Structures are given as C-alpha cells and as structure tokens.
Asker: 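Just dropping this structure here.
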Amino acid sequence: MHKVTPWEVKGNIDYDQLMKEFGVSKIDDDLLKRIKKKAGALHHFLRRNIFFGHRDLNFILDEYDKGNTFFLYTGRAPSGHTHLGHLVPWMFTKWLQDKFNVELYFQFPDEEKFLFKNNLTLEDTKKYTYENMLDVIALGFDPKKTHFLVDTVHANLMYPEALKVAKRITFSTVKAAFGLTNESNIGSIFYTSMQAVPAFLPSVIKKKKIPCLIPHAIDQDPHFRVSRDVIPKLGYYKPASIQCRFLPGLAGMDKDGKMSASEESTAIYTIDDAQTVKHKINKYAFSGGQATIEEHRKKGGNPDIDIAYQWLLFFEEDDAKLHKIYADYKSGKLLSGELKAILIEKLNTFLKVHQQKRKAAEKKIEKFMFHL
Ligand code: TRP
C-alpha cells in the first residue's frame, strides 16, 4: 500500500498503480524514439524508466517540430537542505534545457512549507531558498535562459495571475485533489493557485501563447491535474508534464518510498562531507546481500532491493558498468560492502565537484533572479 500526495509519501510505491490513480500516461518506446531523435541521445533517467510518465508530451514535441518551441518549468519548496533525491528532476531538467535549448522558469514557493508545516518560519524558508538556489545553480543551468521566481519576492507579478486561477477552483476540488479538510488553514487551500502561475506566466509576459513542459516527481501531479483544467480557460496552453519516480530512502524501498528530508538517517545532503557519506551508506543503506560472506558467495545478493544498487541506477550513467555490477552482485562475486564502496566513491566524486560549484554559485544568484 502507498500514499502519495504533494505533502506526504508513504509505503512501497506501485508506480503502475499510481499512473492509473492519477491518469498519467506511460512513456512508451515510440515516445522514447521521438525524444531520442530530437535530443540525439537518451538520458539514463529515460533509458532506466526513472522518468516514466507524462501528460501531453506528444503535444510538446508536435509544436516543437512546427517551430513553436516550449519553455520548462519546475520548482522546489524550500524546507531544508537539498538532498540527493531533490537533484533527480533538476538534473533531468538541465539535460532538457541543453538538448532543446529552451528557457527554464524555476519556482521557489517560499510560502508553501511555511503553510504546510508547523515548525518552519518564513525566515527559515527564506534561508533555505538561498541554500537550495546554490544547488540549482551548481548543476550548471544557463543563467541567460534560467529564471528564478520566488513567491514572496515576485508576489507583485504572480499574485494577480494566481487570483485568476483561484477564482476558478472550488474548495471541494482542492479537498478532493489534495486531501485537505475543513480544518486546513486557508493559506494551504489557496496555495495551488501560486504553483499554477509559472506554467503560464511567460505567456502573460511575452503576450503570446507558449507551450510549457513541467518535469517533476510524480507526487506533484495533483497540482497540475487541477491547473490543467483552469489554464486553458485563461487563454493559454494546457501545460504538459514529464514525471519521475523517487530516489528511495537509505532505509529501503518498503520503509520509505521517498527519501525523507526530515530524517537524518535516510537522506544524503549535498553539503555532507565525504566521511558522512561513507558513514551513512555503510551504516544505513539497506542491503540485499546475504547474512554471511559464505552464504552470499553461494546464493548471491538481490540488487532489486539493495539500496546501494538502486542508487547506482540513478548515479552511474554507464550502462555497461551498471550491468556488470548487477550481474556480479547477483552471482555473489561482488559483496555488499564492495557494492557500497562503489556507491560511496561515485557519490563523493560527484559531491566534491558539486560543492565547489555550490560555493561559486554564491556570487551568481542575482544573475538567475527573474526581472521584467
Ligand atoms: N511543490 C513543490 C515542492 O514541494 C515545489 C514546486 C513548485 C514544484 N512548482 C513546481 C515542483 C513545479 C515541480 C514542478 O517542492
């Protein structure tokens, strides 16, 4: 059993079931071929079904073929430091920006987690907005084509548009889509109208209809399911989306479908040092290995439930390397500790560079802020 809403993800997630629940389409082989033809290659997140679902992606590609290019929209509600799971949709968004040479609007709804969590002040979310921005910039987005929207900073621009959305959504729709109740605070009821805005704001600003593609983790789908009904009524294209599954938490796939930022032992943060990464993986990463070395050599490990292997699916781009790791682990040739060592090395190599770029990003924030 799973539960997936934008504010809560629990249980062992059945993604096929979720697609049915949400009404999302699968990215099938034909669509993969279409993307490959245009992009020249397929990102390993597409090859490995990590981005697995979409709404109206064919529309985006049809328009692109006609020369009517799209823009990208994604976001992050600041509530804490960035962990590796957050990077997954952003890395993919960066790939799309490069391959299709398109603009990106990146929203930081700094009111969202203030409204939905008890323990966060607006000062906290402001601080994390800054911290999270460093991670986004560190991934290498093009500052000329990437625009940060911060809800409380860009309120003068966003609020009038949010009102137009809000007027067309009823309380009962929000209750049904998000599981809110009569006891929910009224800010949380309004919130989805702010998340809808960047999906058409560029069209408002440029005074012409521009197609929008939203890469996001599947839990955000309820927002866009609701806003897709409203945005055409305002005279703009229905936004399309492409959706990914979650990087599982260290504790294992059935413990926690999603890496939880609130539990130290399940997540690795972009600011963790090499020792911390090593310690967390060795201590907490759920192992699909056998109880003793002897038994492991005889029976082999199970990569399908092994978190170190599951994380390599996200972070080892080389298919041949990954296949070999899979086969060696399954046959018992590779031990659980050795598999973890491969992951630790991979992540620490990545994080070392990321942390340097993150430091350099401190001076670049202003270049990314949206200005009219
Ligand atoms: N609600 C998202 C979160 O909790 C933040 C967000 C805003 C977002 N706009 C988005 C995510 C668009 C994906 C796409 O982090």
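What you see below is based on every heavy atom in this structure, not just the backbone, and it leaves out hydrogens, waters and symmetry mates. In listed order, ligands and their atoms are each counted from 1. None of the values given here were measured: they were computed from a predicted structure.
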Asker: For ligand 1, indicate whether the residue Ala77 contacts it via side chain, backbone, both or neither (heavy-atom separation under 4.0 Å).
Answerer: both

Asker: Side chain, backbone, both or neither: which part of Gln195 has a heavy atom under 4.0 Å from ligand 1?
Answerer: side chain

Asker: So for Trp7, does at least one of its heavy atoms come nearer than 4.0 angstrom to any atom of ligand 1?
Answerer: no

Asker: Pick whichever of Gln243, Lys113, Glu112, Met194 has a heavy atom sitting closest to atom 1 (N) of ligand 1.
Answerer: Glu112

Asker: Does only the side chain of Phe108 get under 4.0 Å from ligand 1, or the backbone, or both, or neither? Count heavy atoms.
Answerer: neither

Asker: Quick check on contacts: which atoms of ligand 1 are under 4.0 angstrom from a heavy atom of Arg76?
Answerer: 5 (C), 6 (C), 15 (O)

Asker: Under 6.0 Å between ring centres, would you say that holds for Phe141 and Phe368?
Answerer: no

Asker: Taking only heavy atoms of Ile214 into account, list the atoms of ligand 1 that are under 4.0 Å away from them.
Answerer: 14 (C)

Asker: Measuring from non-hydrogen atoms of Pro6 to any atom of ligand 1, is the shortest distance under 4.0 Å?
Answerer: no

Asker: For Gln220 and ligand 1, does the shortest N/O to N/O distance drop below 3.5 Å?
Answerer: yes

Asker: Could you check whether any side-chain N or O of Gln290 sits under 3.5 Å from a backbone N or O of Thr292, counting only pairs where one atom can act as donor and the other as acceptor?
Answerer: no

Asker: Tell me if the centroids of the rings in Tyr309 and Tyr329 come within less than 6.0 Å of each other.
Answerer: no

Asker: As an exercise, identify every atom of ligand 1 less than 4.0 angstrom from a heavy atom of Thr74.
Answerer: 10 (C), 12 (C), 13 (C), 14 (C)

Asker: Tell me which protein heavy atom sits closest to atom 11 (C) of ligand 1, plus the residue, atom name and distance to 0.1 Å.
Answerer: Gly75 O, 3.4 Å

Asker: What pair of heavy atoms forms the shortest contact from Gln195 to Gln107, and how long is it?
Answerer: CA-OE1, 3.7 Å

Asker: Between Asp135 and Arg76, is there a side-chain N and carboxylate O pair less than 4.0 Å apart?
Answerer: no

Asker: Taking all non-hydrogen atoms of both residues into account, name the closest pair between Phe71 and Pro198 and its distance.
Answerer: CE1-O, 3.4 Å

Asker: Of all the atoms in ligand 1, which lie at a distance below 4.0 Å from a heavy atom belonging to His216?
Answerer: 13 (C), 14 (C)

Asker: When you measure from atom 7 (C) of ligand 1 to every protein heavy atom, which one gives the shortest distance, and what is it?
Answerer: Gln107 OE1, 3.2 Å

Asker: Please confirm whether His43 and Phe51 have ring centers closer than 6.0 angstrom.
Answerer: no

Asker: Suppose I only count heavy atoms of Pro109 and a 4.0 Å limit; which atoms of ligand 1 are within that range?
Answerer: 5 (C), 7 (C)

Asker: So His223 and Phe178, would you call those rings parallel, tilted or perpendicular, with 30° and 60° as cut-offs?
Answerer: tilted

Asker: Does OH belonging to Tyr159 count more than 12 external heavy atoms closer than 6.0 Å?
Answerer: no

